[in-house]
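Let me begin by presenting the structure, written as structure tokens, before commenting on it.
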Amino acid sequence: MAIGHIICSTFYRFGLVPNFSKGKTEAIVSFAGPGAKAAKHKLFNTNHSVIPFMSYPITSGNMTKHHITCVDSYKHLGSRMGASTSVHP
């Protein structure tokens, strides 16, 4: 997943290390259009809501395996953001 590598690389350049633990950094995923139901089933059931990706860590030149957990809503500081981009208290 190229976007995961880009995110990690950008964070590392600013001296930050993203925490991809469940509940810390998660991706809100929404599917639309033909094949949306099958894609959603594959991500949330077959792949157990996880997208793996590789990136270079800040401390070495070796690729490191990461994964990001995907959710259909995310709670941050008391507000819940949903895949439909609506915010709920």
Side-chain angles (χ1 to χ4, degrees):
M1 182 172 108
I3 190 69
H5 174 69
I6 293 168
I7 290 169
C8 284
S9 297
T10 302
F11 272 62
Y12 295 155
R13 270 185 253 153
F14 290 96
L16 302 170
V17 179
N19 181 348
F20 290 107
S21 299
K22 184 173 174 60
K24 292 295 183 181
T25 302
E26 296 177 326
I28 299 174
V29 180
S30 177
F31 297 94
K37 187 175 179 179
K40 183 175 183 177
H41 182 271
K42 181 177 180 183
L43 176 61
F44 289 108
N45 295 301
T46 307
N47 294 351
H48 307 289
S49 304
V50 171
I51 298 175
F53 64 94
M54 303 291 286
S55 91
Y56 289 103
I58 197 166
T59 57
S60 74
N62 300 324
M63 292 290 275
T64 302
K65 186 176 181 178
H66 299 283
H67 69 274
I68 190 161
T69 302
C70 299
V71 296
D72 57 7
S73 67
Y74 186 79
K75 186 174 183 181
H76 180 71
L77 300 175
S79 294
R80 184 167 297 279
M81 174 67 77
S84 66
T85 68
S86 59
V87 178
H88 307 283

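Note that the numbering runs from 1 along the sequence shown for the chain. Remember, predicted model here, so these are calculated numbers, not experimental data.
- Side-chain contact between Ile51 and Leu43: present, with at least one pair of heavy atoms (C-beta onward) separated by less than 4.5 Å.
- Thr46 is linked by a side chain to side chain donor-acceptor pair (under 3.5 Å) to nothing, counting only residues two or more places apart in sequence or in another chain.
- Rounded to the nearest 0.5 Å, atoms SG (Cys70) and NZ (Lys40) are 12.0 Å apart.
- Here Ser21 contributes atom OG and Glu26 contributes atom CD; the two are 9.5 Å apart, rounded to the nearest 0.5 Å.
- Qualifying side-chain contact (heavy atoms from CB on, under 4.5 Å) partners for Asn45, counting only residues two or more places apart in sequence or in other chains: His41.
- For Lys65, the side-chain contact (heavy atoms from CB on, under 4.5 Å) partners at least two apart in sequence or on another chain are Pro52, Met54.
- Scanning both residues, Phe44 and Val29, for their nearest heavy atoms gives CZ-CB, 4.5 Å.
- Once rounded to the nearest 0.5 Å, the distance linking CD1 of Ile7 with CZ of Phe20 reads 6.0 Å.
- A pairwise comparison of heavy atoms in Phe53 and Ile68 identifies CE2-N, 4.1 Å as the closest pair.
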